[in-house]
There are 2 protein chains.
Amino acid sequence: MADGPTINTIAERAGVSIASVSRVLNGLPTRQETVRKVMAAADELGYVRNAVARSLKSRRTNQVAFAMADIGNPAYLAMLRQIQPVLKAAGYRLVLHSTDAVVADEIDVLHGLGERYVDGLIMSPLRVTDAHLELLAAARAPVVIIGSVPEGTRVDNVRADSRTGVRLAVDHLYSLGRRRIALVNGPLDTVPGAARGAAYREALEDLGLPYDENLVQVGDFYRPEGGRAVAELLARVPDVDALMCANDLIALGALDVLRAAGRRVPDDVAVVGMDDTDLAAASWPSLSSVSLGSAERGKVAAELLLERLKGGEHEPRRVTVPPHLVVRASTAGAGPDERAARGGSREAGGAGERGAGS
Amino acid sequence: MADGPTINTIAERAGVSIASVSRVLNGLPTRQETVRKVMAAADELGYVRNAVARSLKSRRTNQVAFAMADIGNPAYLAMLRQIQPVLKAAGYRLVLHSTDAVVADEIDVLHGLGERYVDGLIMSPLRVTDAHLELLAAARAPVVIIGSVPEGTRVDNVRADSRTGVRLAVDHLYSLGRRRIALVNGPLDTVPGAARGAAYREALEDLGLPYDENLVQVGDFYRPEGGRAVAELLARVPDVDALMCANDLIALGALDVLRAAGRRVPDDVAVVGMDDTDLAAASWPSLSSVSLGSAERGKVAAELLLERLKGGEHEPRRVTVPPHLVVRASTAGAGPDERAARGGSREAGGAGERGAGS
DNA sequence: CAAGAAGCTGTAAACGTTTACCGTTGTTTG
DNA sequence: CAAACAACGGTAAACGTTTACAGCTTCTTG
């Protein structure tokens, strides 16, 4: 691994100055003869530009960081899948951070912006603390936040609308004739847990349905916990006819328990999940789910950041991505025809394996 | 965004030379008084080291690239999830490339190593072409390949053993008393397709079962195609009692079709998938699947790379990660107890949402 | 044909660090 | 008290680029 050729090596071999070499490599106007000599020398030596030196001088790294809370979370993964191609097309490399939803790690990432190893950052913080805000205000590179920030924070941000999302689901269940609609939620001290709880209550009110505490069960955002929560719920309120689950994993747990209890889905109990992950399409019965537009949020965030990087100084922008409901078998009375078509749903293809393994 | 302070700003304010500042910041022996002055100045100014300048001088970027074929593929994702923390713990940032399984993109990445924006690379190429080999031989930074490379290639590599994987599955089905074991494969012109086809044949032979062409159906590595393939198979060989599917998506398609056809799983037909993705645990019935150790391969690859980066020049290493079979309901006659436990399988937790959305 | 313009190219400085080398100061010791 | 030595800290070069500026040709034009 001998040291590679530099611009100096080329200059020497081509018999010109390093300035000329640089000009040729950057396509600046140069005499044809010089171009030829430099190109020839560069080719022979297998020259490749040193990105680090270039960054130092130009003050641009052509790198953008994405700090995701958890690689394993399909919602963040969906963002990543959209962000990556957008950045790539614009000539940026992607530096990936997984903060494991630990605030200290997020702070580290923000602080690290000062190291100038990236030109910008997209971050989806679990929750926004004062430390976040302080660093955001002083950030030495553009940042786009995926999620909500306090009113008045001068940062571009892209948010979901889980409130409308919950409403979509509840309205859907109502339109199917369900009147005992329960909420299976995650912890209330999390941002999404609290938001979904409040939205559920509102949605019921607007429909003129009574809010019944017995119909709300709090567990955690995982499958076994979701199942347990539903089991308790069934014991307490046997006549429940619909479950609004705060995410897809909870909904899968619900399906497990309903099946074990001999309740038919959707005939006896209809089930709606949230986030519309791959798992929703894969489960049996396939799961109706509210998409909060994770993919779209990722895409928009990347585009906002690119605009900033292009230089236009403008006011911080705030974009809200609307949710939408994806109806599948767990709420539609799925006949045999629909079953056959189910496998072809949007998500199934994307999760495909093309050539792994061997 | 005024230009941040540099080592010069600090030197000025502290009344010392830049050399002293650098020494203090790097913890080299320095008089206590000087340390104090420099630290104070650095703190007041909110100084952060410029990573680019540092890299230029030190010739290390503290970045490692991972070139994955497809972000959407759960197998590669599993690798990423293991690679990330290993690198992070060692102080490296992760630059993520998605090559979309396009050879030209992979070549670009290898060529890009010359830009020296990373200290090393982990790559999982779809297939290895001559162009790959040429660039690998001349690579100016350590590379670890996840997958197979031709004998004699001087590169660290980590490979799966899908042959043994297929055998594990077939043996398992045999041990359950199944004798009409079909293979539902993907295209034979892909590396995994070919390997799995051959391994299936071998496994049957070793068990003394006849190889029956009718029992082999070729489709594609996706769910709807998998379903179609199984439909044809059932029409042709109604007495089939077990399906070895070349990946989990095919297996999910198989479950769809078997259910529609009124065949009970596993009682009438047992089904095994491959890759052991999240979907296997989520489906109903949950899917037995052969894990080819994607996660483990990622971890090992990262460790091999770190060793290289630590400097020891040693012979290229080749590690083969053994596959293992994860038995779930689609082959075990699952009683009610096992059903309840199902949600707690290894994969389910990891896919959890902790705080997305809001 | 002289003078000015236009087109290239080379010199050198700069980006922000790290570090080899040398000079200064203060301490120890014969 | 002088000499030797240790401990620090400053100067300057280097990492590999880009680019402002000035100098040299060559061409155009009056």
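Proteins come first, then strands; the chains are lettered A, B, ... in the order of their sequence lines, and each starts at number 1. Quick note: numbers below take in every heavy atom, side chains included, and nothing from hydrogens, waters or symmetry partners.
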Q. Between A/K88 and B/D108, is there a side-chain N and carboxylate O pair less than 4.0 Å apart?
A. no

Q: State which of D/dT19, C/dT18, C/dT9 makes the closest approach to the side chain of A/A19.
A: D/dT19

Q: Write down the distance between NZ (A/K37) and C1' (C/dT9), rounded to a whole number of angstrom.
A: 10 Å

Q) Which listed nucleotide (D/dT17, C/dG10, C/dT18) is nearest to the side chain of A/S20? A) C/dG10

Q. Atom CD1 of A/I145 and atom CZ of A/R159: how far apart are they, to the nearest 0.5 Å?
A. 11.0 Å

Q) Do A/K310 and A/E307 sit within salt-bridge range, that is, some charged N less than 4.0 Å from a carboxylate O? A) no

Q: Calculate the interatomic distance between B/E115 atom CD and D/dT17 atom P; express it in whole Å.
A: 11 Å

Q) Does any donor-acceptor pair link the side chain of B/R23 with the base of D/dG10 at a separation under 3.5 Å? A) yes

Q.
So B/I18, base contact, sugar-phosphate only, or nothing? Heavy-atom distance under 4.0 Å.
A. base

**Q.** Contact under 4.0 Å: B/T34 side-chain N or O vs D/dG9 OP1/OP2
**A.** yes

**Q.** Under-4.0 Å side-chain N/O to phosphate OP1/OP2 contact, B/S17 with D/dG9
**A.** no

**Q.** Spacing between B/L25 atom CG and C/dT18 atom C1', to the nearest angstrom
**A.** 11 Å

Q. Does B/S22 place a side-chain N or O at less than 4.0 Å from the phosphate oxygens OP1/OP2 of C/dT17?
A. no

Q.
More than 12 heavy atoms of other residues, nucleotides or ligands under 6.0 Å from CD of A/E44: yes or no?
A. yes

**Q.** side-chain N/O B/N50 vs C/dC15 OP1/OP2, d < 4.0 Å
**A.** no

Q) Any side-chain N or O of B/R31 under 4.0 Å from OP1/OP2 of C/dT25? A) no

Q | Donor-acceptor pair, side chain of B/D70 and main chain of B/G72, under 3.5 angstrom | A | yes

Q. Could you state the CZ-C1' distance from A/R54 to C/dG16, rounded to the nearest angstrom?
A. 18 Å

Q. So, are A/R318 and A/E151 salt-bridged, with charged N and O less than 4.0 Å apart?
A. yes

Q. Tell me: CD1 of A/I7 to C1' of D/dT19, nearest whole Å?
A. 11 Å

Q: May I ask you to verify if any side-chain N or O of A/T30 is less than 4.0 angstrom from the OP1 or OP2 atom of C/dC8?
A: no

Q) Would one find a side-chain N or O of B/Y47 under 4.0 angstrom from OP1 or OP2 of C/dT17? A) yes

Q) Between B/K57 and B/P29, which is nearer to the 5' end of DNA chain D once each is assigned its nearest nucleotide? A) B/P29

Q) Would you say a side-chain N or O of B/R49 is under 4.0 Å from OP1 or OP2 of C/dG16? A) no

**Q.** Phosphate OP1/OP2 of C/dG16 contacted by B/N8 side-chain N/O (<4.0 Å)
**A.** no

Q. Touch check for A/S55, heavy atoms < 4.0 angstrom, all strands: base, sugar-phosphate only, or nothing?
A. nothing

Q) Rounded to whole angstrom units, what separation is found between the CG atom of A/N26 and the P atom of D/dT18? A) 5 Å

(Q) By the 4.0 Å heavy-atom rule, please label A/V16 as base, sugar-phosphate, or nothing. (A) sugar-phosphate

Q: Could you state the atom-to-atom distance from CG of A/N62 to P of D/dT17 in whole Å?
A: 15 Å

Q.
Expressed as a whole number of angstroms, how long is the span from B/E33:CD to D/dC8:P?
A. 13 Å

Q: Looking at every strand, decide which applies to B/S58 at a 4.0 Å heavy-atom threshold: base, sugar-phosphate, or nothing.
A: nothing

**Q.** C/dC15 OP1/OP2 closer than 4.0 Å to side-chain N/O of A/R116
**A.** no

